[in-house]
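Excluded from the calculations below are hydrogen atoms, water molecules and symmetry mates; all remaining heavy atoms, backbone and side chain alike, are included. Below, read A as the first sequence line, B as the second, and so on, with proteins coming before strands; counting in each chain starts at 1.
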Amino acid sequence: MAVLKVKFSKTKRDKLAQVLWILNWISVVTGAILFSLGIFLKVEINKRGEVMAERDVQYVPNMLIAVGLIACAINFLGGKICYDCVDTTKFLRWKLIMLPYTVCTFFFTFCVLVGALMCYSMHWELEESLNLGLTQAMRFYKDTDTPGRCFLKRTVDMLQIEFQCCGNNGYRDWFQIQWVSNRYLDMSKKEVIDRLRSNVEGKYLMDGVPFSCCNLNSPRPCIQQQITNNSAHYNYEHQSEELNLWMKGCRQTLLEYYTHILQSIGLTVLITWLFELSVLTGVRYLQTSLENVLRQGDPNSDSEGWLLENGLMETARTNLNVIKNLGKSNQIGGGDNGDPNIDVPSTSKAHYGPDNVPPKQKTEAS
Amino acid sequence: MALLKMKFNQQRRVRLAQGLWLLSWLALTCGAFVFCLGVYLKTELLRRDEVMDNGEIHVVPNILIMVGLASIGTNWIASRVCQDSLDTSRFPRWKVLLLAWFVVAALVCCLLLTVVVLSYALQGRLEESLKVGLRNGIRFYKDTDVPGRCFQKETIDHLQMEFRCCGNNNFKDWFEVQWVSNRYLDFTSQEVKDRIRSNVDNRYLLDGVPFSCCNPASPRPCLQYHLTDSRAHYNYEYQSEELNLYSRGCRQALTDYYMGLMNSTGPGVLSVILIQMSVLLSMRYLQTAVEGAMALEDPEGESEGYLLEKGVKETYQDVRAKVLNVVKFGQVDPAEEASGAAEGEKTTDTSTEKAATPPPAS
């Protein structure tokens with residue numbers, strides 16, 4: 001009892017082959033698009049690589065790149081096959097490859113779906129990575145004389161300016177770390193010594209932020225130092241002042257930025273997956289209908305095409321048996337439980353000379 | 001004596017037409033390129049419109065856009081002419097148009113050349129315009145509550161951060177301007193009163209700059225205030241500090257940027273001029289060769305192609321005479337003309353009479 005049987009006349013088969021040829025070439029283009037989207041995502045992640053801690057976020061763009069390349073290759077081959085399928089004689093040379101090709105395409109389509117789902121699942125890994133990365137970067141902001149960390153000040157400043165954000169969760173993160181290097185602190189001043197003594201670790205903490213947190217849209221010149229002290233600045237109230245600094249945290253901003261990119265990419269990959277699925281269905285129908293035509297012998301006759309010859313459960317059972325038997329082919333002496341003492345008549349054909357006549361059976365009497 | 005005469009047999013004419021067709025399509029894409037270049041340059045100039053005082057520099061992208069469109073049109077017509085040139089029945093209808101075409105194509109080449117010259121010549125005007133515009137921007141930096149000027153703070157901050165520059169010529173321009181609004185000055189404080197009294201115009205001047213002048217590449221957190229006072233900050237020397245603020249002036253930065261844009265397009269525009277000139281010359285050869293062939297008894301035979309029928313001087317005199325005739329044609333003297341016409345008629349009558357009388361005599 002075949003699954004979704006459809007009757008195909010000769011013209012219908014030819015039309016199906018032509019349509020599939022065009023669809024395969026469109027799929028090559030979508031495969032190239034997937035590849036370029038993977039490269040774009042990889043570049044975007046590497047651009048901000050300095051504020052991301054070591055987390056395995058590279059697997060998503062790598063998967064997209066691989067899937068894109070394989071899509072191009074598979075659909076290119078599919079295009080060639082479908083082009084030849086219009087002519088029954090040319091179909092013969094692809095006959096043996098078609099079934100493995102269809103199976104490969106089925107698994108590949110599954111990979112595309114996995115790729116699309118991974119785009120959406122990357123969100124949490126990314127958040128973790130950004131959280132840790134930004135905390136570290138802010139901690140090493142002052143170490144502009146330490147090789148390996150000297151670039152972090154510039155990176156964080158440019159990040160805050162470009163993405164219009166301040167700190168990890170908000171500007172108050174800067175109050176909890178020392179972002180002014182000791183080289184620029186006058187240790188002989190009383191104020192500096194007081195601040196250093198005011199906390200356990202001896203850090204120079206202050207309620208000020210770097211200049212890159214300043215909001216461009218503020219009507220007044222930027223207030224960076226003594227932010228929580230209302231009396232330090234004229235006509236200033238710390239609680240109600242919103243335009244002075246960037247209010248958003250950089251982790252939130254970067255996450256939104258990447259989520260936006262990933263959602264668009266995920267949507268594109270899902271659409272590609274649906275497209276690949278339809279191409280796969282068409283190729284399967286074409287394959288089965290052409291095989292049935294060959295079985296019937298007359299190339300111009302009608303034939304049937306289906307997705308599966310028997311029902312789903314039967315096909316699964318037969319495939320499992322095939323896989324089991326593959327494992328068994330290495331075992332010696334399949335019958336009689338492998339006992340070597342039982343006389344098993346030889347089934348191999350022996351060559352008895354050019355006439356191929358077996359010698360007369362010698363009787364015991366002679 | 002024709003200028004640069006060349007012989008064309010039928011095969012050469014066909015080759016010329018085909019080559020010119022390809023060349024005109026190439027010139028058409030070049031025309032589209034010039035148009036896009038003009039549009040891009042105009043958008044870039046419009047983006048910084050707020051810090052420019054006048055729009056004189058806009059003549060460069062405007063000409064580029066016009067020339068791009070004209071070039072697309074003329075080269076499309078050229079390709080149609082090529083397609084029809086080998087067909088003797090269809091070619092004559094282009095004859096009238098070709099003179100106008102040559103004029104337009106020559107004009108396109110001249111305008112492109114003008115654009116290249118202008119883009120170098122207008123550099124001084126651009127600098128002037130930027131100087132005035134930036135000066136105004138810095139002066140109105142504090143007026144964020146005055147409608148019509150409230151955007152200047154954001155514009156200048158954005159500009160300084162994007163182009164990595166500070167002030168008009170350098171950061172000291174900020175010392176001469178009050179860039180902190182009076183709304184945020186505590187007039188009861190002694191320091192404020194001292195500063196205001198220290199100059200004639202009663203402005204609050206300080207040796208500080210806005211935060212947008214800060215250089216992120218500096219190893220130390222940005223120093224914005226008390227810049228000239230080496231003792232105000234620890235381990236700071238005003239004269240030798242280079243990385244703290246952006247050292248370039250915004251006028252210089254913007255001029256360099258726009259000059260860089262226009263100079264990098266210079267070679268492209270020059271090559272477009274060359275291609276357009278070659279289309280013009282080839283079209284002239286094709287026209288004269290095909291017309292010569294059509295005038296022959298054997299249309300497939302050899303004909304001559306030239307640039308000018310007579311020499312340069314003679315052609316110039318001919319054209320001058322024609323133009324003067326056209327000008328004179330406008331000046332109508334009815335009396336002279338009527339008498340001249342009557343005389344002309346009389347002479348023809350007498351000649352016909354003379355011709356008529358002998359036969360009766362014989």
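- Between the side chain of B:Ser230 and the backbone N or O of B:Tyr238, at least one donor-acceptor pair lies under 3.5 Å.
- When heavy atoms are compared at a cutoff of 4.5 Å, A:Asp145 does not approach chain B at all.
- Ionic pairing of B:Glu127 and B:Lys131 is not present here: no N-O contact between side-chain nitrogen and carboxylate oxygen is shorter than 4.0 angstrom.
- B:Tyr141 and B:Asp157 share a side-chain donor-acceptor pair at under 3.5 Å.
- Taking A:Thr144, A:Leu216, A:Leu185 one by one and counting their heavy-atom pairs under 4.5 Å with chain B, the maximum is reached by A:Leu216.
- In terms of heavy-atom pairs under 4.5 angstrom with chain B, the leader among A:Pro221, A:Pro210, A:Ser181 is A:Pro221.
- Cysteines B:Cys214 and B:Cys222 have SG atoms closer than 2.5 angstrom.
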